[in-house]
2 protein chains.
Amino acid sequence: MNSFEEVNYFVQNGHQDYLPHISIDCVIFGYQQQQLKILLLKWKGLNGWGLPGGFIKRREPLSEAAYRILQEKTSLNDLFLQQFHVFGDSPYRVGERSTREFTEKFGLEVQADNWLFERTLSIGYFALMDHVKVNVQTDFFTDDYQWWDASDVPQLLFDQNEVVEKALLTLRLQIYHQPIGYNLLPEKFTLPEIHTLYETILGKELDQRNFSKKLMALGLIQKLNEQRSIGAHRSPFLYQFEKEKYEQALKEGIVHTY
Amino acid sequence: MNSFEEVNYFVQNGHQDYLPHISIDCVIFGYQQQQLKILLLKWKGLNGWGLPGGFIKRREPLSEAAYRILQEKTSLNDLFLQQFHVFGDSPYRVGERSTREFTEKFGLEVQADNWLFERTLSIGYFALMDHVKVNVQTDFFTDDYQWWDASDVPQLLFDQNEVVEKALLTLRLQIYHQPIGYNLLPEKFTLPEIHTLYETILGKELDQRNFSKKLMALGLIQKLNEQRSIGAHRSPFLYQFEKEKYEQALKEGIVHTY
DNA sequence: CAGGTATTCTGTAAATTTTACGGATTAAAG
DNA sequence: CTTTAATCCGTAAAATTTACAGAATACCTG
């Protein structure tokens with residue numbers, strides 16, 4: 001949705017195609033330079049950062065909507081995506097953007113009763129993805145994107161900081177019950193890489209020997225007969241996830257401590 | 001909401017006061033005769049059972065809406081209540097009730113475009129309560145209620161069986177991270193009682209000695225200097241929760257296995 | 001009132017899991 | 001060849017979890 005006509009139609013008549021009062025916000029986690037990152041979009045004119053998001057089509061299953069929105073923003077579809085919370089405790093969530101400001105910034109005439117300015121609950125989803133595979137798409141309302149350090153997210157629009165906080169908490173809790181990494185790491189990775197990933201997500205040190213022992217004992221990863229060259233040091237072996245075991249662990253859950 | 005006038009106003013004009021397209025469904029767990037129970041309401045005329053639920057007022061924070069709805073149905077307000085999932089994968093969730101049938105059963109004239117018959121997502125909450133404290137209120141649409149065995153819930157309206165399933169799963173997962181029992185047991189309870197409660201929720205046997213050892217070690221419960229008389233057998237001692245420890249565990253979480 | 005019955009209650013040893021910890025190996029650079 | 005910085009590997013101690021049985025109690029019955 002990029003042309004003025006498309007956008008104008010969406011603003012004026014979107015409520016015919018989309019459910020009003022409900023939006024989807026996506027917290028997209030990536031992993032880069034040993035840092036957990038979150039993808040944010042910059043609102044044109046507003047000079048503020050926000051989460052990628054969108055609305056649900058009237059005849060579209062909720063989960064499909066989330067996938068579609070994510071696909072639109074990242075051009076990715078093979079990913080881990082999970083609903084985690086509904087936010088709607090501040091009844092005037094959207095009130096901050098005044099209609100006048102909206103008109104000035106975007107050149108779109110909107111009335112005070114425009115559907116986009118009504119109260120909107122937001123369903124939070126979080127996604128994990130290998131950031132190098134992501135091809136971020138901005139749209140009419142946004143003109144920039146950036147991967148922000150998860151522990152250093154700027155002030156966001158509306159109550160989205162709360163959304164990010166909750167996503168992080170959920171991710172950290174989840175890591176104790178489900179394997180995580182398949183969508184955040186390249187297909188082949190080294191022990192130090194996955195080790196650092198877990199340390200990063202959990203925000204604490206994990207004994208490297210015990211960690212890999214555990215991972216191997218669970219049968220989640222498999223050692224390959226290849227090594228990566230990392231310059232002036234011993235070459236680490238490459239590993240890959242055991243797809244079947246991984247899927248099984250996703251479904252059935254695991255109990256561990258790392 | 002019980003009089004015909006009130007209800008008619010709600011049906012015809014409710015969208016002015018409530019957010020359309022979004023409802024709240026409550027899975028209310030109780031504990032009775034060593035069984036985990038779920039509170040269901042019987043729809044008048046429809047001869048079908050469903051979850052207590054309601055809509056969110058336009059200016060009402062989401063969490064307040066959930067509490068209000070629960071309060072309306074059970075007359076209780078001191079309880080454990082938690083959002084757990086949004087359901088909306090079948091776009092025609094409400095389509096099953098035809099407007100004609102609705103008119104016949106309830107004597108309310110509704111047009112096909114009535115707000116209640118539009119697609120509605122449902123936010124699932126689950127609550128835990130001591131069933132003896134509950135004073136169930138039926139309303140215009142429902143004329144009966146019953147506590148059903150959690151493992152033996154009848155076919156419900158719409159996709160509510162899925163909602164119940166997910167609530168149970170969430171409860172079972174949660175019990176590993178949070179103390180549960182405060183809202184399901186009377187203030188003073190015996191070891192065998194709480195033991196059976198946990199066995200019931202988890203659906204498996206727990207060694208009684210190890211279980212109480214663990215509970216005591218966590219400092220969650222406190223032995224009282226009173227006993228309950230249970231007839232022809234040894235009188236069990238009464239216990240109560242350590243409120244502070246319990247609250248703390250609720251916030252910070254616990255890691256255990258029981 | 002003595003014996004029977006059904007329930008509560010308590011401790012310890014074995015098995016398992018988690019934790020702690022250091023030194024040998026390797027790849028390239030100097 | 002030496003140095004440097006990183007990977008890799010195993011074992012012993014500590015902590016936790018599991019398994020398990022018998023004594024005590026309260027009322028009922030004969």
Side-chain angles (χ1 to χ4, degrees), chain A residues 33-35 175-177 179 181 185-186 188-200 202-240 249 252-258, chain B residues 33-35 175-177 179 181 185-186 188-200 202-240 249 252-258:
Chain A
Q33 294 158 332
Q34 315 200 329
Q35 300 277 4
I175 207 173
Y176 287 112
H177 292 285
L185 293 170
K188 296 175 183 180
F189 51 87
T190 68
L191 281 186
E193 280 171 344
I194 192 172
H195 174 227
T196 314
L197 169 65
Y198 274 76
E199 285 190 330
T200 305
L202 290 172
K204 67 180 182 190
E205 289 199 355
L206 303 171
D207 183 276
Q208 180 249 330
R209 273 169 296 188
N210 295 334
F211 174 78
S212 35
K213 229 183 301 172
K214 184 100 191 194
L215 225 48
M216 293 302 286
L218 287 167
L220 285 178
I221 59 173
Q222 187 181 29
K223 188 176 186 173
L224 299 175
N225 205 9
E226 303 171 56
Q227 293 172 273
R228 168 176 300 163
S229 175
I230 55 161
H233 306 293
R234 178 170 183 175
S235 306
F237 278 91
L238 289 170
Y239 288 74
Q240 67 185 13
E252 299 171 10
I254 39 186
V255 181
H256 47 180
T257 42
Y258 292 116
Chain B
Q33 292 158 335
Q34 314 199 332
Q35 300 277 5
I175 207 174
Y176 288 112
H177 292 285
L185 293 170
K188 297 175 182 180
F189 52 88
T190 68
L191 280 186
E193 281 170 345
I194 191 171
H195 174 225
T196 315
L197 169 65
Y198 273 75
E199 285 190 330
T200 305
L202 290 172
K204 66 180 183 191
E205 288 199 354
L206 302 171
D207 182 276
Q208 182 246 334
R209 273 171 293 188
N210 296 335
F211 174 78
S212 35
K213 228 183 302 170
K214 182 101 189 191
L215 226 47
M216 293 303 286
L218 287 168
L220 285 178
I221 61 173
Q222 187 181 29
K223 189 176 187 171
L224 299 175
N225 207 10
E226 304 170 55
Q227 293 171 272
R228 167 176 300 164
S229 173
I230 55 161
H233 307 293
R234 177 170 183 176
S235 305
F237 277 91
L238 289 170
Y239 287 74
Q240 67 185 13
E252 300 172 9
I254 39 186
V255 181
H256 48 179
T257 43
Y258 294 114

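Quick caveat: nothing in here was measured; it's all calculated off a predicted structure.
Taking a cutoff of 4.0 Å between a charged side-chain nitrogen and a carboxylate oxygen, Glu193(A) and Arg228(A) qualify as a salt bridge. Lys188(B) has a carboxylate O that lies under 4.0 Å from a charged side-chain N of Glu226(B), or vice versa, which qualifies the two as a salt bridge.
Rounded to an integer number of Å, the gap from Lys214(A) NZ to dC9(D) C1' is 19 Å. In this structure, CZ of Phe189(A) is placed 15 Å from P of dT7(D), rounded to the nearest angstrom. His195(A) places its NE2 atom 14 Å from the P atom of dA6(D), with the value rounded to the nearest Å. One atom, CD of Glu226(B), and another, P of dA26(D), lie 15 Å apart when rounded to the nearest Å. At whole-Å resolution of the value, CZ in Arg228(A) and C1' in dA27(C) are 15 Å apart. Distance CG (Asn210(B)) to P (dT16(C)): 15 Å, rounded to an integer number of Å. To the nearest angstrom, C1' of dT7(D) lies 16 Å from CD1 of Ile194(A). If you measure from atom NZ of Lys204(B) to atom C1' of dT18(D), you get 13 Å, rounded to the nearest angstrom.
Here Gln34(A) pairs with nothing under the side-chain hydrogen bond (donor to acceptor under 3.5 Å, both in side chains) rule; sequence neighbours left out. Listed by chain and number, the residues in a side-chain contact (heavy atoms from CB on, under 4.5 Å) with Lys213(A) are Asn210(A) (sequence neighbours excluded).
Neither OP1 nor OP2 of dA20(C) sits under 4.0 Å from any side-chain N or O of Lys213(A). OP1 and OP2 of dT7(D) both lie 4.0 Å or more from every side-chain N or O belonging to Gln227(A).
For the contact set between residues 229-239 of chain B and DNA chain C, defined by any heavy atom under 4.0 Å, the members are His233(B), Arg234(B), Pro236(B), Phe237(B).
Within the 4.5 Å cutoff, no side-chain heavy atoms of Thr190(B) are placed close to those of Phe237(B). Between Glu199(A) and Lys204(A) the shortest side-chain heavy-atom distance does not fall below 4.5 Å.
One cannot find a donor-acceptor pair under 3.5 Å joining the base of dC9(C) and the side-chain atoms of Arg209(B).
Classification of the His177(B)-His177(A) ring pair by plane angle, with boundaries at 30° and 60°, yields perpendicular.
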